[in-house]
Student: 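This is the structure I want to talk about, given as structure tokens.
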Amino acid sequence: MRKLLLIIMAFVATISAKADGLNVVSFKLLETDLTANTRGTERRDQNGDKAALIKIVSPEKGFHFDGGSLGIVGTEQKAAELWLYVPPRAQKLTISHPVFGVLRDYYYPVSIQGGRTYEMLLDIGTGRYATITTSMARSLVYVDGENLGRAPIYNKYLNFGRHIVTASNDRFEGTDTIYIMPNDEKKTNVYNVEMHNISNLFGDVKVTVDNKADIYFEGSLVGTGSWSTQLREGHYTVETRKADCDSVKSTFEVKRQQMNDFKAAPPIPHSGFLNIVTFPVQTTSLLDGTTMMIAGETVTLPVGPHEVSYSLRGYVPETRAYDILHNETRTDTINMVPISYVRPSAFYFGGGIYARSLSGYTAKLGMVLGNNDFEVSYTFGSSESKVAYWTSTSTEDINRIAYKMNSIQVKYGYQIALMRRIGFVPQVGWSMNQLKGVQKKGNKMFGDGATQQALTIGAKLLFVPTQHVYLFATPELGIGLKADETFDKIAEAAGFSKTSIGVQAGLILAF
């Protein structure tokens, strides 16, 4: 019976629509609307006068307009209405449509003035205009499931028949059924929806998801990792998303007046593949600092950056980064480099002893660049020469003085790696030797500070027990080039040679 009634109503509506055709429900001046008199939206007629603007509200498009002898200035279709520009003092308008027919010689009920804006509600004959209000302001309004926005809804065109109007505002809802009939008065009818409190139908909801994924509800981001809210009883769906992951939807049920905890399924990470081959194959490969990888095997990894550290005793450790892409395989071949204990380029410092006729302790500082070895050293004299006797001419007292020798040396050599742990560096250099007197008897000092310049020729032997630590021994010959006259006298009196043979030995650290 109900279906039959709806069919009859639709049939009657169709007949009525054909009979009614186009008609104007209302036409009025919009007193506060300055659109027709604003730069950018104003138009002028052929005489240069400002045109009037008629905002035509209609549920359809595709109309043609004839303004008679005064004509039409222009039209502009907007999203929800048609803007029709007409000359000032226009009297009438003919409106035609290929489906809904012709409204001929419609005379404006008010005087048309240039630069003013008017509104026309145009009825196509298949329904009526309706204004929908709600008992609670700013409520969302739906008509037959279509979201019309927030109340009040003005001039919504509804076709003949039955319509379900619902409204919602937080914990308030309302529903009304309205019937639009062909015999209804041709005007805009007002329908009000009464709102009712439905708080007792809601339940508390807490949704959680692993991996700090984003939670989306009804297309909007509502939380990351967790989301707490209140929802009306029923079934709902959330979507979890994360970069480089496939989104996952999860459905849950909300029961009224209770806590509803739900754990959503996390997004599925995108994955790729990594295949590593190492030489030697005994190389240890550590993935992201925790997982062992086996050379030659393909490993499935989440999309994103990963690090693999390679190590093998006697070889230089290496770490490489790999950016894994979705469904792609990264391959790499690692040729481990044997550790070069004798480094071709390094900065070094250290010290040791200098065994010669006047021995001492040596401090070294140097740099190797492409096997070219540049070295500076200073020797603090520690051993003493035999005592030399000197007579003071003024008092004829005998002074007994022993001597130590301090030295500054600058050397150049070329480093040769004989084996992985043994190096040989032929060296040539220059040395400045200075005597330091040690008074044994008497009160007069003789020869303190006497100097000698010497050419040094030698070779530095290196042994590297572990990285960065070098043991060295440097036999060398020092040939005197130039000396103070005092230096020569002291060398003869104290019993040491101006030409010296010695060996430096000790430890240096190289980086």
Student: Between R150 and R138, is there a donor-acceptor pair closer than 3.5 Å when you use the side chain of the first and the backbone of the second?
Tutor: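 Checking the backbone N and O of R138 against the side chain of R150, a donor-acceptor pair under 3.5 Å is found.
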
Student: Is it the case that the ring center of F347 lies less than 6.0 angstrom away from the ring center of F511?
Tutor: no

Student: Of N192, I153, D176, which meets side chain to side chain contact (heavy atoms under 4.5 Å, CB included) against I132?
Tutor: I153

Student: I'd like to know if the side chain of N260 reaches the main chain of K255, judged simply by a donor and an acceptor atom lying under 3.5 Å from each other, with no hydrogens or angles considered.
Tutor: yes

Student: Does T94 reach the main-chain N or O of D105 with its side chain, forming a donor-acceptor pair under 3.5 Å?
Tutor: yes

Student: Decide yes or no on side-chain hydrogen bond (donor to acceptor under 3.5 Å, both in side chains) for T208 and S226, but give the supporting numbers first.
Tutor: CA-CA 4 Å; T208 58; S226 66; over 6 Å; no

Student: Between F27 and Y108, what is the ring plane arrangement, given parallel below 30°, perpendicular above 60°, and tilted in between?
Tutor: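 Tilted.
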
Student: When rounded to the nearest 0.5 angstrom, what is the spacing between CG in L274 and CG in D332?
Tutor: 8.0 Å

Student: For the backbone of V57 and the side chain of Y129, can you confirm whether one donor and one acceptor N or O come within less than 3.5 Å of each other?
Tutor: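 Yes.
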
Student: Please determine whether side-chain contact (heavy atoms from CB on, under 4.5 Å) holds for the pair Y348 and E375, giving the CA-CA distance in whole Å, both sets of side-chain angles, and the decisive distance to 0.1 Å.
Tutor: CA-CA 9 Å; Y348 64 86; E375 180 182 294; 3.2 Å; yes

Student: Would a 4.5 Å heavy-atom cut-off, applied to side chains only, mark N211 and P267 as touching?
Tutor: no

Student: Do Y470 side-chain atoms and T466 backbone N/O form a donor-acceptor pair below 3.5 Å?
Tutor: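 No, because the side chain of Y470 does not come within donor-acceptor range (under 3.5 Å) of the backbone of T466.
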
Student: Do T251 and Y236 come within less than 4.5 Å of each other through their side chains, counting heavy atoms only?
Tutor: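 T251 vs Y236: side chains apart.
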
Student: On the six-membered ring of W83, is K78 placed so that its NZ or CZ lies under 6.0 angstrom from the centre and within 45° of the ring axis?
Tutor: yes

Student: Can you find a side-chain donor-acceptor pair between R421 and Y341 that sits under 3.5 Å?
Tutor: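 Side-chain D/A pair, R421 to Y341: present.
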
Student: Verify whether one side chain among Y179 and D184 offers a donor that lies under 3.5 Å from an acceptor in the other.
Tutor: no

Student: With a 3.5 Å distance limit and no angle check, can you tell me whether S168 reaches the backbone of E173 through a side-chain donor-acceptor pair?
Tutor: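 No, because the side chain of S168 does not come within donor-acceptor range (under 3.5 Å) of the backbone of E173.
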
Student: List the steps and the verdict of side-chain hydrogen bond (donor to acceptor under 3.5 Å, both in side chains) for D123 and Y157.
Tutor: CA-CA 8 Å; D123 185 354; Y157 195 83; 2.4 Å; yes

Student: Look up atom OH in Y315 and atom CG in N335, then write down how far apart they are to the nearest 0.5 Å.
Tutor: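 Between Y315 OH and N335 CG, I get 10.5 Å after rounding to 0.5 Å.
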
Student: Can you check whether N189 reaches T131 side chain to side chain, under 4.5 Å on heavy atoms?
Tutor: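 Result no, sub-4.5 Å side-chain heavy-atom pair not found.
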
Student: Under 4.0 Å between a side-chain nitrogen and a carboxylate oxygen: does that hold for K61 and E81?
Tutor: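 Not counted as a salt bridge, because no side-chain N and carboxylate O are separated by less than 4.0 Å.
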
Student: Do Y414 and N372 pair up side chain to side chain, a donor and an acceptor below 3.5 Å, judged on atom types alone?
Tutor: no

Student: Does a donor on one side chain sit under 3.5 Å from an acceptor on the other, for N275 and T331?
Tutor: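 No, T331 and N275 have no side-chain donor paired with an acceptor closer than 3.5 Å.
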
Student: Do I164 and R162 make a side-chain contact, defined as non-hydrogen atoms from C-beta onward lying under 4.5 Å apart?
Tutor: yes

Student: Taking the side chain from D288 and the backbone from E307, do they hold a donor-acceptor pair closer than 3.5 Å?
Tutor: yes

Student: Determine whether a donor-acceptor pair (N or O, by modelled atom type, separation under 3.5 Å) exists between the side chain of K28 and the backbone of M120.
Tutor: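 Not a single qualifying donor-acceptor pair exists.
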
Student: Going by distance alone, is a donor N or O of one side chain under 3.5 Å from an acceptor N or O of the other, for T117 and T35?
Tutor: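 The criterion, which ignores hydrogens and geometry beyond distance, is not satisfied for T35 and T117.
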
Student: For a 4.5 angstrom cut-off between non-hydrogen side-chain atoms, does C245 reach I268?
Tutor: no

Student: Under a 4.0 Å threshold between the charged nitrogen and the carboxylate oxygen, would K50 count as salt-bridged to D45?
Tutor: no

Student: Are the side chain of R330 and the backbone N or O of I276 linked by a donor-acceptor pair below 3.5 Å?
Tutor: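 No; zero donor-acceptor contacts below 3.5 Å.
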
Student: Quick check for you: to the nearest 0.5 Å, what is the distance between I198 atom CD1 and R256 atom CZ?
Tutor: 10.0 Å

Student: Assess whether side-chain contact (heavy atoms from CB on, under 4.5 Å) is satisfied between I95 and R104, documenting all intermediate values.
Tutor: CA-CA 6 Å; I95 307 172; R104 198 176 304 279; over 6 Å; no

Student: Rounded to the nearest 0.5 Å, how far apart are CD1 of I54 and OH of Y118?
Tutor: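 Rounded to the nearest 0.5 Å, the CD1-OH separation comes to 8.5 Å.
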
Student: Once the angle between the rings of F63 and F65 is folded into 0 to 90°, is it parallel (under 30°), tilted (30 to 60°) or perpendicular (over 60°)?
Tutor: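 Ring orientation, 0 to 90° scale: tilted.
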
Student: Supply the atom-to-atom distance L29 CG to T32 OG1, rounded to the nearest 0.5 angstrom.
Tutor: 9.0 Å

Student: Any salt bridge between K411 and D373, counting N to O under 4.0 Å?
Tutor: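 No, no charged N to carboxylate O under 4.0 Å.
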
Student: So, the side chain of S271 versus the backbone of T300: is there a donor-acceptor pair under 3.5 Å, distance only?
Tutor: no

Student: Could you grab the distance from atom OG of S26 to atom CD of E119, nearest 0.5 Å is fine?
Tutor: 6.0 Å

Student: Taking everything shown except Y412 itself, do over 12 heavy atoms lie less than 6.0 Å from its OH?
Tutor: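 Atom OH in Y412 is crowded, with more than 12 foreign heavy atoms closer than 6.0 Å.
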
Student: How about H306 and Y322: are their ring centroids closer than 6.0 Å?
Tutor: no

Student: Answer yes if the side chains of D246 and H270 hold a donor-acceptor pair under 3.5 Å, and no otherwise.
Tutor: yes

Student: Between F252 and L231, is any pair of side-chain heavy atoms under 4.5 Å apart?
Tutor: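 A side-chain contact exists here, since the closest heavy-atom pair is under 4.5 Å.
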
Student: Show, in sequence, the C-alpha distance, side-chain angles and deciding distance for L158 and I178, and conclude whether the side-chain contact (heavy atoms from CB on, under 4.5 Å) test is met.
Tutor: CA-CA 10 Å; L158 299 177; I178 61 177; 3.6 Å; yes

Student: Within the structure provided, determine whether R116 and E31 are in side-chain contact (heavy-atom separation under 4.5 Å).
Tutor: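 Counting from C-beta outward, R116 and E31 do come under 4.5 Å.
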
Student: Are any non-hydrogen side-chain atoms of D33 and K55 less than 4.5 angstrom apart?
Tutor: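 When only atoms from C-beta onward are counted, K55 and D33 do touch, with a gap below 4.5 Å.
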
